[in-house]
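As the structure lists them, so they are numbered: ligands from 1, and atoms in each ligand from 1.
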Amino acid sequence: MYPQSPLMGQMMNQPLLVSSILDFAARHYANSEIVSQRVEGDLHRYTFRDCQQRAKRLANALHGLGVRMGDRVATLAWNGYRHMEAYYGVSGSGAVLHTLNPRLHPDQLAYICNHAEDQYLLFDFCFLPLVEAFAPLCKGIKGFILFGAADRMPAETKIPNLLCYEDLINSHSPEYEWPLFDENSACTLCYTSGTTGNPKGALYSHRSTVLHAYGSAMPNALNVSSRDTVMPVVPMFHVNAWGLPYSVPLSGAKMVFPGPALDGKSVYELMEKEQVTFSAGVPTVWLGLINHALQNKLKFSSFRRTVIGGSACPPAMMSTLIDEFDVEVIHAWGMTEMSPLGTAGGLLTKHLDMSKEEQRKILQKQGHAIYGVDMKIADDDGKELPWDGVSYGHLLVKGPWIISRYFKGEGGDVLENGWFPTGDVATIDPDGFMQITDRSKDVIKSGGEWIGTIDLENVAMSHPAVMQAACIGVAHPKWDERPLLVVVLRPGQDLKREDLLAHFQGKVAKWWLPDDVVFADALPVGGTGKIQKNKLREQYRDYRLPTA
Ligand code: ADP
């Protein structure tokens, strides 16, 4: 589609395929380990080379089952070595790996599997009841493969054609040549969480996945190296664990999978045992880990760096990690439609002389674009806005790992003049650091002006008694909408509405002040660990704000 030069380069034309990543790790970092907390309850360890051998067995097995290039094979599993084998065994053979989120409702899972036309489903045996619930609704799935050995197979089940993973791969040879094919072929499929309407599929290609792995491993991004021990806490069903199953083997680092044990204590103990240096997850996960460490007066002996994204990292959380635990925080932003990484936080040389407070303000932004992602902000009419750190507008992106359309054309043409509208509202400063003000659907429209909810939540969470906060717009007779703050206090804490509101004085513009505060026991959290503001808005739809 692009014109050819009369003089083309003369380099080897090797397609960018994900199989080459595992081959590289198996050959050049053959003894780097993959350690997994298993659903079985024990710790499993092997090397990249072992992983490659078993992924090849799986590729042979899938071929034997009739899976061909482009066919979709789904997984429903926690982070672990078998899931990793599926990442490579499925995509490496030319089929398409479709990761399913086990926190979704069975009807939603059935919708997604049918929409994707999945042929097989591989799943952790702990999800047997869930698979039994939606399998009858997925007539197109030819077989279900239970991640486990024969002793984990149920004596009786309603699932048709249930196969045992270990038996299946052990009956096939590890002799397998990964096929070479067009790098633009589909590699993995991931559905958006569908907070509004049905979930839509982002269909990544081998090329986009390999480029994203390169881009995200770079020093200005996640900075993964062979000296790291990386624990992806972010699930492999949440946008491919932000690409870590590709960027870690590409870097030769050791990998540690936490399996289903995501509570603070389990994550802490595994980190210590395996000397994890780098991790990644959404803020709600770190809340559990930080609370566990603080309550038990624990320190980290190896943990040095973490990437936090998926929703805004509260400044109070960043400060605790840096000041109490000496853990560097990389605040990153992205989305399913972007593979997912778009920006990553960090300091420039010119920031190094600044005060700690000023540096913190920069680190709290969602960060700088990484090569492979271009971005801009625009007003409602599509006019580009200046990068002055103040003007805010719709954030648009483009690049080789950003979708051009959704799977099967759902939602029609999504691009605006070649740019993908992210649905986020942001500022960009003169150094290129982007800061999300809000999601456009969460912004509070008060008397024709916009109030960003992330700022208000951050101020609330900087109060020592507050554990979590979410701000939503509630109907107001005069101003259309006004902010209502929903707060969860730390255990044993007591706080009055007036005291919390007084804490906002001088920190935000007066007209941004929340009109009211409600104290809740918990906030609704969705399948990827994010607070579901749409649920909160529904819950408080008829809430009457004080009129005085
Ligand atoms: P979904 O859109 O279905 O929730 P994604 O995981 O793709 O699933 O979410 C992407 C969205 O998450 C972004 O558009 C943005 O609104 C939000 N997000 C991601 N990272 C951050 C961050 N660091 N700060 C604020 N918001 C973020």
Tell me whether ligand 1 is touched by Met338 - counting only heavy atoms on the residue side and a distance under 4.0 Å. no
State whether the number of non-hydrogen atoms from other residues, nucleotides or ligands found under 6.0 Å of Tyr81 atom OH is greater than 12. yes
Tell me the nearest of Gly310, Pro199, Gly345 to atom 18 (N) of ligand 1, using heavy-atom distances. Gly310
I'd like to know if Lys533 and Glu457 make a salt bridge, using a cut-off of under 4.0 Å between side-chain N and carboxylate O. yes
Within a distance under 4.0 Å of any heavy atom of His331, pick out the atoms of ligand 1 and give their elements. 22 (C), 23 (N), 24 (N)
Can you tell whether the side chains of Arg482 and Asp516 come within less than 4.0 Å, N to carboxylate O? no
Electrostatic pair Lys408:Glu117 at N-O distance under 4.0 angstrom: yes
Would you say Thr192 and ligand 1 have an N/O pair spaced under 3.5 Å apart? no
Could you say whether the N/O atoms of Trp333 and ligand 1 ever approach to under 3.5 Å? no
Test your reading of the structure: does His238 have an N or O sitting under 3.5 Å from an N or O of ligand 1? yes
Applying a strict 4.0 Å limit to heavy atoms, is Ser311 in contact with ligand 1? yes
Going by the 4.0 angstrom heavy-atom rule, the piece of Ala312 near ligand 1 is both
For Met335, which part has a heavy atom under 4.0 Å from ligand 1: side chain, backbone, both, or neither? both
Within less than 4.0 angstrom of ligand 1, does Asp424 place any heavy atom? yes
Assess Lys200 against Tyr406: is NZ or CZ under 6.0 Å from the centre of the six-membered ring, and within 45 degrees of the ring's axis? yes
Taking only Lys NZ, Arg NE, NH1 and NH2, and the carboxylate oxygens of Asp or Glu, determine whether Arg360 and Asp323 approach each other closer than 4.0 Å. yes
If the cut-off is 4.0 Å to any non-hydrogen atom of Ala332, which atoms of ligand 1 fall inside it? 20 (N), 22 (C), 23 (N)
Per-residue contact class, Cys313 against ligand 1 - non-hydrogen pairs under 4.0 Å: neither
Check this for me, if you would: do Asp326 and Arg304 make a salt bridge, where the nitrogen-to-carboxylate-oxygen distance has to be below 4.0 angstrom? no
Tell me, with the steps shown, if Glu358 and Ser355 meet side-chain hydrogen bond (donor to acceptor under 3.5 Å, both in side chains). CA-CA 5 Å; Glu358 282 174 308; Ser355 70; 3.2 Å; yes
With side chains defined as the heavy atoms from C-beta onward, is the minimum distance between Met84 and Phe257 less than 4.5 Å? yes
Residue portion contacting ligand 1 (non-hydrogen atoms closer than 4.0 Å) for Thr336: both
